[in-house]
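Let me begin by presenting the structure, written as structure tokens, before commenting on it.
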Amino acid sequence: MNIIFKNANLFDGQHAQLQQNSWLKVDDLTGKVVATGTGTAPEAKRVVDLQGKYLMPGLINAHTHIMMNPVTNKLEYLSETEATVTALNNLQELLKAGVTYIRDCGCAFDVDVKLAKLQQEKVLGGTEIMPSGRPMTMTGGHGDFIEEPDGSATWGHLTDSEDAMRKAVRQEFKRGAKNIKVMATGGVMSATDEVDDIELSLAELKVAVEEAHSKHMTVASHAQGNQGIQNSLVAGVDSIEHGIYIDEDQAAFMREKNIFLVPTLNAPTAISQDGRGKLPEYMLRKNDLVKSDFFKNVSQAIKQGVKVVVGTDAGTPFNFFGKGTWNELKLIVELGASSAQALFGATKYAAELLKIDDLYGTLAAGKFADFLILDDNPLENVGSLESLKAVYKKGKKVN
């Protein structure tokens with residue numbers, strides 16, 4: 001049976017203009033859009049009159065850590081049960097905020113992979129997950145966190161050679177990961193390093209890309225220092241995560257090669273705003289050291305036309321799953337993007353990066369009817385997402 005949603009101001013995720021007096025026909029059985037149009041809507045047994053409200057695609061957040069609690073900031077000695085419960089709670093918060101799809105970028109115990117399998121089996125609904133499983137890191141590097149109360153597990157795979165990298169990527173492929181996360185550099189949240197430390201060699205990164213791409217997986221590179229960014233680009237990754245010290249030449253290369261930037265601006269913002277007196281000194285020191293350069297460099301990448309995708313690093317300190325995606329969109333606009341460009345980063349650009357744009361990211365015939373209903377116009381102000389009234393997943397209202 002078809003459902004008609006009519007009398008909407010439509011932002012379809014594909015065009016930078018609103019389509020006024022629009023309608024959407026959805027197949028209730030498949031959850032897919034059958035057709036869209038403007039003017040008089042077709043007849044149907046079920047009709048929802050949106051009375052001039054704004055309709056747009058569900059948001060995609062391309063960088064989360066659903067196993068993490070942004071308040072407790074506990075990274076080590078988690079159990080798999082604790083990580084799973086936290087993940088399920090965070091998925092609920094994401095859905096309430098209109099985030100209908102995520103790419104999780106590193107999860108202990110492969111919890112994201114296991115939950116994604118339950119979604120494929122229709123045991124679990126809600127915000128869909130593209131899983132990365134456990135990330136690839138070096139001994140003592142960013143992501144070498146000890147897990148399980150008895151210390152018997154690590155958060156990341158310790159890939160200290162090309163052979164170790166090849167085996168770890170193949171293990172994640174076997175378990176069901178769809179993306180491989182590599183830690184090319186140090187990071188703000190690791191106690192042992194600096195953000196410009198090189199932590200995976202170029203040869204190791206090339207192996208990760210070769211193995212992933214030969215198995216229809218993408219590669220996301222945590223790359224903060226300039227040389228780590230360069231190594232990642234040479235290796236052929238699909239996206240640079242964070243990209244704190246991205247330079248103009250690298251931005252031009254990314255634009256030319258259609259490599260995406262996922263800056264996660266909300267992560268340093270949250271640490272600056274809420275972390276004083278609560279977080280370890282090394283985190284605050286590193287965050288204060290790089291934040292200004294980070295925002296300046298991302299701004300120049302936006303101006304050069306790099307496709308910037310919305311990802312928040314949700315789960316890191318005080319970086320919440322609810323409003324974090326909305327905050328990220330505002331920050332991207334503050335750095336020079338138009339509202340439409342920012343929204344593309346949470347719709348069509350994000351879907352392109354995740355290679356799910358055949359079914360997600362825009363509202364068009366044949367794609368899943370993941371959409372939001374707002375009181376206010378998001379193309380005039382991305383802050384209008386705070387006027388969110390309803391969330392639909394595959395044509396069914398979920399919030």
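In this chain, numbering begins with 1 at the start of the sequence shown.
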Should [X] and [Y] count as side-chain neighbours, where that means a heavy-atom distance under 4.5 Å?
| X | Y | result |
| --- | --- | --- |
| Asp12 | Gln19 | yes |
| Ile332 | Leu265 | yes |
| Lys296 | Asp293 | yes |
| Thr269 | Phe295 | yes |
| Lys330 | Glu328 | no |
| Glu210 | Met165 | no |
| His65 | Cys107 | no |
| Met138 | His157 | no |

Is it possible for you to say whether [X] and [Y] belong to one hydrophobic cluster, with membership spreading through side-chain heavy-atom contacts below 4.5 Å?
| X | Y | answer |
| --- | --- | --- |
| Ile60 | Leu379 | yes |
| Phe253 | Ile246 | yes |
| Val111 | Leu75 | yes |
| Met136 | Leu158 | no |
| Val113 | Leu88 | no |

Return yes if some donor-acceptor pair links the side-chain N/O of [X] with the main-chain N/O of [Y] below 3.5 Å, else return no.
| X | Y | value |
| --- | --- | --- |
| Thr185 | Gln224 | yes |
| Thr64 | Ala314 | no |
| Asn297 | Ile244 | yes |
| Ser387 | Asp376 | yes |
| Arg255 | Lys307 | no |
| Lys25 | Ala365 | no |
| Glu380 | Asn377 | no |
| Ser232 | Val237 | no |
| Asn90 | Met68 | yes |
| Lys389 | Lys53 | no |

(message) Ring of Phe344, cation from Lys348 - is the NZ or CZ under 6.0 Å from the centre and inside 45° of the axis?
(response)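 Yes, Lys348 sits over the ring of Phe344.
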(request) Measure from NZ or CZ of Lys278 to the centre of the six-membered ring of Phe318 and say whether it is under 6.0 Å with the direction within 45° of the ring axis. (result)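 Ring-cation test returns yes.
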Closest approach of [X] and [Y], non-hydrogen atoms and distance?
| X | Y | result |
| --- | --- | --- |
| Asp370 | Lys394 | OD1-N, 2.8 Å |
| Ser272 | Asp288 | OG-OD1, 4.5 Å |
| Lys397 | Ala390 | CE-CB, 3.9 Å |
| Ser221 | Ala184 | OG-CB, 3.5 Å |
| Ala153 | Phe109 | CB-CE2, 4.1 Å |
| Val209 | Val219 | CA-CG2, 3.9 Å |

Identify whether the distance between the nearest side-chain nitrogen and carboxylate oxygen of [X] and [Y] falls below 4.0 Å.
| X | Y | answer |
| --- | --- | --- |
| Asp27 | Lys32 | no |
| Arg134 | Glu172 | no |
| Arg285 | Glu194 | yes |
| Lys215 | Glu211 | yes |

Would you say the side-chain atoms of [X] and [Y] include a donor-acceptor pair closer than 3.5 Å?
| X | Y | value |
| --- | --- | --- |
| Thr264 | His242 | yes |
| Glu241 | Ser239 | yes |
| His213 | Asp238 | yes |
| Asp313 | Asn319 | no |
| Gln227 | Asn231 | yes |

(request) Kindly give the cluster partners of Ile3, where membership spreads through any ILVMFWY side chain lying under 4.5 Å from a current member. (result)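 Cluster partners of Ile3: Phe5, Leu10, Leu24, Val26, Val33, Val48, Leu50, Leu55, Leu363, Phe371, Ile373, Tyr392.
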(request) Please go through Ile146's hydrophobic cluster and name the other residues, only I, L, V, M, F, W, Y counting, with side-chain heavy atoms under 4.5 Å joining them. (result)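 Listed partners: Tyr77.
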(request) Report the C-alpha separation of Glu82 and Lys74 in whole Å, then their side-chain angles, then the decisive distance to 0.1 Å, and conclude whether the salt bridge (Lys or Arg N to Asp or Glu O under 4.0 Å) test is met. (result) CA-CA 11 Å; Glu82 185 177 356; Lys74 184 180 177 184; 3.4 Å; yes
(message) Please identify which of these residues, Gln119, Lys117, Arg103, meets the side-chain contact (heavy atoms from CB on, under 4.5 Å) condition with Ile129.
(response)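 The passing option is Gln119.
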Less than 3.5 Å apart, which donor and acceptor atoms pair up between the side chains of residues 121-128 and the rest of the protein, not counting sequence neighbours?
residue	atom	partner	partner atom	Å
Thr127	OG1	Val99	O	2.6
Glu128	OE1	Tyr360	OH	3.0
Glu128	OE2	Tyr360	OH	2.8
Glu128	OE2	Lys393	NZ	2.7

(message) Would you say that more than 12 heavy atoms from the other residues, nucleotides or ligands in this model lie under 6.0 Å from the NZ of Lys291, or not?
(response)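 Atom NZ in Lys291 is packed in, count exceeds 12.
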